[in-house]
Amino acid sequence: MATNKSSPQGSAAGNGDTLRLNSELHLVSSLAKLQELERKIHGLRQFMPDGLLEPLVPIANPDKATLDNPVAETPRVLRANLDETARARVSDVQQFQSLWRDPELKPVWDNVESRVKESNGQILQPNGKWDRDYDLLLKDLAEEEKSKTDDRKRLEEEAERTKAQSGEGEWQKVLERFVQRNVPGIRVAQEEDGISLAVALVRAGTVLLVKGISEPGEPISQWEVSSKTGNRELTKLEIAILECLGSRPRKWDLAFLLDMISSYGEIKHTPCVKCNRLTNNGAQLPTLRRLQPNQQSPEGEPHVYSFDALHLGCA
């Protein structure tokens with residue numbers, strides 16, 4: 001299979017690999033859909049009459065009765081089985097039509113039509129069999145792409161971590177930028193120890209303690225979150241919030257943590273993104289937070305993270 005390759009010079013090599021992979025992935029995806037179309041065509045050939053009359057087979061030949069297709073006990077049951085079979089076969093046709101009209105396959109049909117015109121209706125005929133199983137090949141390429149994406153994200157995160165821990169004042173800059181945003185319902189104050197923050201969720205009626213953890217002489221390596229409630233027992237809401245914050249990724253990233261905490265600022269008025277309800281059947285608020293994908297910030301601006309709210313049972 002032909003692939004596009006770029007000259008491996010400098011960063012162009014990595015970009016060339018990405019372009020090659022994306023092009024090949026798109027090509028293999030199209031071929032996999034063509035294979036699926038062929039399989040469906042073979043299945044649709046049995047549509048008439050075998051497919052529609054399948055419930056009659058065990059009546060005409062009891063030896064062919066199966067658990068999935070038993071002899072109908074009454075005419076009403078037979079009619080219901082025939083109706084269900086007809087609906088299933090119509091659904092198969094609709095699925096086939098949907099796959100045939102898939103936008104990804106349009107260039108394929110356009111190319112076939114072009115070749116037919118160029119050869120006055122005579123085009124190279126296939127040998128009647130596929131040389132590769134493109135479903136498996138597509139799976140392999142998708143895993144390769146995911147591996148490359150994961151490696152790239154890991155390297156980017158390592159670079160961000162190194163920058164965040166490069167100087168003693170880096171996290172104070174993050175804090176200053178956050179305070180300047182004046183997020184509604186959120187109040188932040190630095191504690192006397194110099195490495196802890198009290199973050200008040202005003203409308204939720206709770207205060208969180210964010211503490212920097214570091215080895216002697218080393219920059220802060222991560223941030224821990226607890227509840228600043230004194231001797232008062234934690235509520236179920238506070239426990240759920242702390243559990244979610246404790247399981248977050250990027251524990252070294254103060255900006256990520258502050259934005260995540262901010263997502264709880266309107267927790268008593270923020271419905272679940274999945275069920276669109278404020279409380280679930282157990283009268284629980286959506287305390288889980290899921291990072292919204294594909295977020296981008298203006299070039300040169302600090303990244304602001306956004307989160308979706310979810311109930312525990314909706315995740």
Side-chain angles (χ1 to χ4, degrees), residues 25-113 115-116 121 123-143 145-146 271-284 286 288 290 293 308 310-315:
L25 189 65
H26 185 272
L27 176 60
V28 173
S29 177
S30 297
L31 287 168
K33 289 182 178 181
L34 287 175
Q35 276 189 328
E36 179 64 17
L37 274 173
E38 185 186 44
R39 285 194 290 266
K40 287 184 177 296
I41 287 174
H42 290 311
L44 291 175
R45 285 173 178 164
Q46 305 301 319
F47 186 96
M48 291 291 290
D50 296 347
L52 288 175
L53 302 181
E54 186 177 357
L56 298 177
V57 172
I59 296 176
N61 190 348
D63 291 339
K64 294 187 177 182
T66 64
L67 292 176
D68 294 332
N69 188 26
V71 176
E73 297 178 356
T74 66
R76 178 176 295 181
V77 172
L78 176 61
R79 172 60 184 272
N81 290 343
L82 288 169
D83 288 346
E84 182 180 354
T85 301
R87 285 193 294 269
R89 296 302 175 266
V90 170
S91 177
D92 290 340
V93 173
Q94 291 173 338
Q95 291 178 10
F96 174 82
Q97 291 174 331
S98 177
L99 184 59
W100 185 281
R101 296 165 181 162
D102 190 307
E104 185 177 335
L105 289 181
K106 187 177 184 304
V108 176
W109 305 138
D110 290 344
N111 181 60
V112 171
E113 184 176 351
R115 293 183 62 184
V116 170
I123 62 172
L124 178 65
Q125 295 297 317
N127 58 15
K129 64 179 181 179
W130 292 88
D131 295 328
R132 301 287 298 272
D133 186 335
Y134 287 101
D135 280 338
L136 292 178
L137 184 57
L138 179 62
K139 181 180 179 181
D140 291 341
L141 286 175
E143 290 177 352
E145 183 181 35
K146 183 179 183 302
C272 172
V273 295
K274 186 170 183 179
C275 69
N276 202 32
R277 296 168 56 192
L278 183 60
T279 58
N280 60 13
N281 293 334
Q284 301 299 313
L288 292 183
R290 181 178 61 195
D308 288 328
L310 290 154
H311 293 116
L312 182 59
C314 292

(message) Can you give me the closest heavy-atom contact between Ser30 and Leu105, atom names plus distance?
(response) O-CD2, 3.6 Å
(request) Might you point out which heavy atoms bring Asn81 and Ala72 nearest each other, and give the distance in Å? (result) ND2-CB, 4.2 Å
(request) Of all the heavy-atom pairs spanning Trp100 and Trp109, show the shortest one and how long it is. (result) O-NE1, 3.0 Å
(request) Answer yes or no: are there more than 12 heavy-atom neighbours, outside Leu312 itself, under 6.0 Å from its atom CG? (result) no
(message) Return the CG to CD distance between Leu141 and Glu145, rounded to the nearest 0.5 Å.
(response) 8.5 Å
(request) Compare every heavy atom of Pro286 with every heavy atom of Cys272, then report the nearest pair and how far apart it is. (result) N-CG, 3.9 Å
(request) Using a cut-off of 6.0 Å, state whether more than 12 heavy atoms not belonging to Glu84 lie near its atom CD. (result) no
(message) Out of the candidates Asp140, Asp135, Leu137, only one should pair with Val28 under the side-chain contact (heavy atoms from CB on, under 4.5 Å) rule; please name it.
(response) Leu137
(message) Can you confirm whether more than 12 heavy atoms, excluding those of Asn281, are under 6.0 Å from its CG atom?
(response) no
(request) List the atom of Asn69, the atom of Glu54, and the distance in Å for their closest heavy-atom pair. (result) ND2-O, 2.9 Å
(message) Testing the basics here: between Lys40 and Phe96, what is the closest heavy-atom pair and its distance to 0.1 Å?
(response) CB-CD1, 3.7 Å
(message) Using a 3.5 Å distance criterion without hydrogens, assess whether the side chain of His311 forms a donor-acceptor pair with backbone atoms of Val273.
(response) no
(request) Look up atom CD in Gln97 and atom CG in Leu37, then write down how far apart they are to the nearest 0.5 Å. (result) 11.5 Å
(message) Closer than 4.0 angstrom, basic N to acidic O: yes or no for Lys33 and Glu36?
(response) no
(request) Without swapping roles, check the side chain of Glu104 against the backbone of Asp102 for a donor-acceptor pair under 3.5 Å. (result) no
(message) Can you tell me how far apart CZ (Arg76) and CZ (Arg79) are? Round to the nearest 0.5 Å.
(response) 11.0 Å
(request) Report the distance from atom CG of Leu78 to atom CG of Asp83, rounding to the nearest 0.5 Å. (result) 9.5 Å
